[in-house]
Amino acid sequence: QVQVVESGGGLVQAGGSLRLSCAASGRTFIIYSMAWFRQAPGKEREFVAGVRWNPSRTNYADSVKGRFTISRDNAKNTAYLQMYSVKPDDTAVYYCAAGRLRVAGSDSRNYDYWGQGTQVTVSS
């Protein structure tokens, strides 16, 4: 099994920045893809950013492209989401997900392990 734990959420003003961390433990050698999803109140969970085993292979939702950066440190089994120029619309619970597929993409069904989520609130 794999356990995933997020950290780094909190309250930030619009235009500010925040970095989320996602630590995986357990049988981490089976994890190839990692991603961040988010869910705002009353909305469905949506893909934010993903990264393959090769940290240079990333993809982003259009809504965060150019503002958020996903990265991973395979030696530490950790992924990060650096958020810049945040907006009130970025307010949500952010979930980290880990998957066994080499290319999991933006489909949440391709991810096998999920964290409990961390709240990000952006004030205007």
Gln119 CD: over 12 foreign heavy atoms closer than 6.0 Å | yes
What do you reckon, is CZ of Arg100 surrounded by more than 12 foreign heavy atoms closer than 6.0 Å?
-> no
Any side-chain to backbone donor/acceptor pair from [X] onto [Y]? Under 3.5 Å, distance only.
| X | Y | result |
| --- | --- | --- |
| Thr91 | Val122 | yes |
| Arg72 | Arg52 | yes |
| Gln13 | Ser123 | no |
| Gln116 | Glu6 | no |
| Ser33 | Arg102 | yes |
| Tyr111 | Ser106 | no |

Salt-bridge criterion met for Lys87 and Asp89 (N-O under 4.0 Å) = no
Between Phe37 and Trp114, is the ring centre distance below 6.0 Å?
-> yes
Given side-chain contact (heavy atoms from CB on, under 4.5 Å), test Phe47 with Asn59 step by step and report yes or no.
-> CA-CA 10 Å; Phe47 172 79; Asn59 60 317; 3.4 Å; yes
Output, in order, the C-alpha distance, side-chain angles, deciding distance and verdict of side-chain contact (heavy atoms from CB on, under 4.5 Å) for Thr118 and Ser7.
-> CA-CA 6 Å; Thr118 184; Ser7 62; over 6 Å; no
Test item: Tyr60 and Arg67 side chains (from C-beta on) under 4.5 Å apart, heavy atoms = no
Below 4.5 Å, heavy atoms only, C-beta onward: do Arg38 and Asp90 meet side chain to side chain?
-> yes
On the 0 to 90° scale, with breaks at 30° and 60°, tag the Tyr94-Phe68 ring pair as parallel, tilted or perpendicular.
-> tilted
Given the options Val64, Val51, Val48, Trp36 meets side chain to side chain contact (heavy atoms under 4.5 Å, CB included) only with Val48
Is there a side-chain contact (heavy atoms from CB on, under 4.5 Å) between Met83 and Val120 once you walk through the steps?
-> CA-CA 10 Å; Met83 307 165 63; Val120 172; 4.0 Å; yes
